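Encoded as structure tokens, the structure appears first; notes follow it.
Everything quoted here is computed from the prediction, not taken from an experiment.
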Amino acid sequence: MLEFLRGRDVLVAGWGISGRSLIDPLRDIGATPVVTDAGAKAMAEAAELGLDTATGESLLEPGGLDRFALVITSPGWRPDSPVLATAVAEGVPVWGDVEFAWWVDQARLYGPVRKWLVITGTNGKTTTTQMTHAILRAAGIASVACGNIGLPILDALRRTPGPQVLAVELSSFQLHWAPSVRPEAGVVLNVAEDHLDWHGGLDAYAAAKARALMGRVGVVGLDDPVAAALARRSRARRTVGFRVGVPADGELGVVDGKLLDRAFTKAAILAEVRDISPPGPAGVADALAAAALTRSIDVAPQFVKEGLQEHKVGPHRAASVRELSGVEFVDDSKATNPHAARCSIQAHAQVVWIAGGLLKGAHVDDLVEEVAERLVAVVLLGKDAPVIAAALARHAPDVPVVELGSGDDAGMGAELTSEIDGADAVMARAVRIAAGYATNGDTVLLAPAAASLDMFADYTHRGRSFVAAVQALDEGDIGGTGGQ
């Protein structure tokens with residue numbers, strides 16, 4: 001399949017992590033990589049490494065793409081990007097880095113073909129991928145977590161000794177550009193409004209997610225209506241579902257505090273709900289998904305239990321930071337859209353909610369209406385704080401709300417030496433105010449429901465800022481102050 005690249009030029013569109021991972025495999029095949037990127041710094045870096053480069057302007061000139069046998073795009077490049085759209089119009093194949101990795105694996109360039117377990121969904125991808133990897137590790141199966149989780153698939157394939165199984169987290173962007181992938185098993189956890197500007201609408205977004213359901217076994221989250229509906233569109237040879245409730249035949253679910261498999265056996269207990277990290281329905285759903293993927297390749301129930309017991313949630317993913325005077329502080333900075341925030345809030349009975357950032361056009365009214373009865377108070381920060389405040393006024397008018405904005409409008413701008421310092425200072429103030437509203441038994445929860453880039457470098461910076469602010473609190477900051 002890859003012989004057509006030997007001795008030919010291949011355009012690498014995007015000099016990010018995935019772009020860098022393409023270079024050695026292309027050279028191993030006998031192709032010549034040529035890099036293009038909109039950033040001058042990225043182009044200079046590629047050139048310093050001895051790589052050929054091509055500007056977007058030169059590629060769009062008549063015949064500018066004629067020399068290329070293939071364009072391999074980074075996942076963030078939209079289909080209507082001028083270079084990609086022109087390539088398609090001129091008959092030059094366009095693949096994503098995941099598509100290329102699939103064919104590299106099928107060609108056995110770096111050893112025997114691996115089993116791919118693919119994980120996608122709007123929320124919970126990384127946690128499910130890590131759980132899947134933990135279960136495989138418990139079973140003694142050589143595996144690696146890769147893809148959107150951070151390690152490019154090509155880098156995973158080139159490891160020595162090589163893995164037998166890949167736990168592959170894939171975004172909707174990556175799946176859009178990877179039509180050939182046929183995983184041993186793939187799961188769609190859930191589908192909610194996100195990246196609609198990139199895909200052009202929810203239907204196209206869901207269709208991209210559904211590409212995980214094209215292999216031997218497809219798995220869908222039955223508690224999510226859009227994901228559940230994808231079962232009817234699944235092209236997998238067998239499709240099963242999971243739910244955080246009593247499972248029917250052919251499903252995985254929960255009975256009497258135990259995770260139960262009724263899909264790959266008559267009935268097998270897999271784990272205890274109390275052992276799942278993170279706690280709450282979202283964590284249990286992710287554990288069921290990981291169990292389904294691993295059970296599909298005959299991993300024994302005892303190893304599912306061991307792996308889930310060993311797994312601990314990573315930073316900024318519903319991670320407990322500390323307890324102070326009976327108040328728990330939880331960092332879920334990774335809850336970057338309303339669907340994720342809803343799952344996070346529903347894991348706690350009484351919540352002082354810290355939220356806000358860039359909503360990217362997502363709607364929050366349904367979220368606020370659904371969680372209103374759990375809210376003790378809300379502290380809002382970031383560009384779209386007024387949008388969330390308006391939803392709270394409509395659906396939770398009795399809940400106290402404090403808006404801090406993005407920095408200067410928090411009344412602290414003159415004291416700040418940089419935008420980063422400003423973001424950290426606003427977060428510190430938000431945490432102090434939230435702590436003031438909290439009393440014994442409450443949870444102060446950072447679950448922003450929005451992206452971070454209006455104020456912070458990324459969601460990890462936002463999470464670290466929250467953790468630092470929480471660690472600076474003392475018992476006198478808790479309750480009784482009205483948050484002010």
Geometric cation-pi criterion, Arg238 with Phe264: 6.0 Å, 45°: yes
So, Ser296 side chain and Leu293 main chain: donor-acceptor pair closer than 3.5 Å or not? yes
With distance as the sole test, does Arg216 use its side chain to make a donor-acceptor pair with the main-chain N or O of Arg237 at under 3.5 Å? no
Member of Asp105, Val168, Val144, Val165 meeting the side-chain contact (heavy atoms from CB on, under 4.5 Å) criterion with Arg114: Asp105
On the 0 to 90° scale, with breaks at 30° and 60°, tag the Trp95-Phe4 ring pair as parallel, tilted or perpendicular. perpendicular
Taking all heavy atoms of Ala347 and all of Pro279, pick out the closest pair and write down the distance. CB-O, 4.0 Å
When Asn337 is tested against each of Val364, Leu359, Asn123 for side-chain contact (heavy atoms from CB on, under 4.5 Å), which residue passes? Asn123
Using the ring of each side chain (for Trp, its six-membered ring), is Tyr459 parallel, tilted or perpendicular to His316, with breaks at 30° and 60°? perpendicular
Just by distance, do the side chain of Lys125 and the backbone of Thr120 share a donor-acceptor pair under 3.5 Å? no
Rounded at 0.5 Å granularity, tell me how far CZ in Arg211 sits from CZ in Arg182. 9.0 Å
Keeping the roles fixed (side chain from Thr128, backbone from Ala290), state whether a donor-acceptor pair exists under 3.5 Å. no
Residues in salt bridge (Lys or Arg N to Asp or Glu O under 4.0 Å) with Glu369, at least two apart? none
Quick check: does any side chain N or O of Ser344 sit under 3.5 Å from a backbone N or O of Ala341, one acting as donor and the other as acceptor? no
Donor-acceptor pair, side chain of Arg462 and main chain of Ser333, under 3.5 angstrom: yes
Gly307 backbone acceptor or donor facing Arg137 side chain under 3.5 Å: no
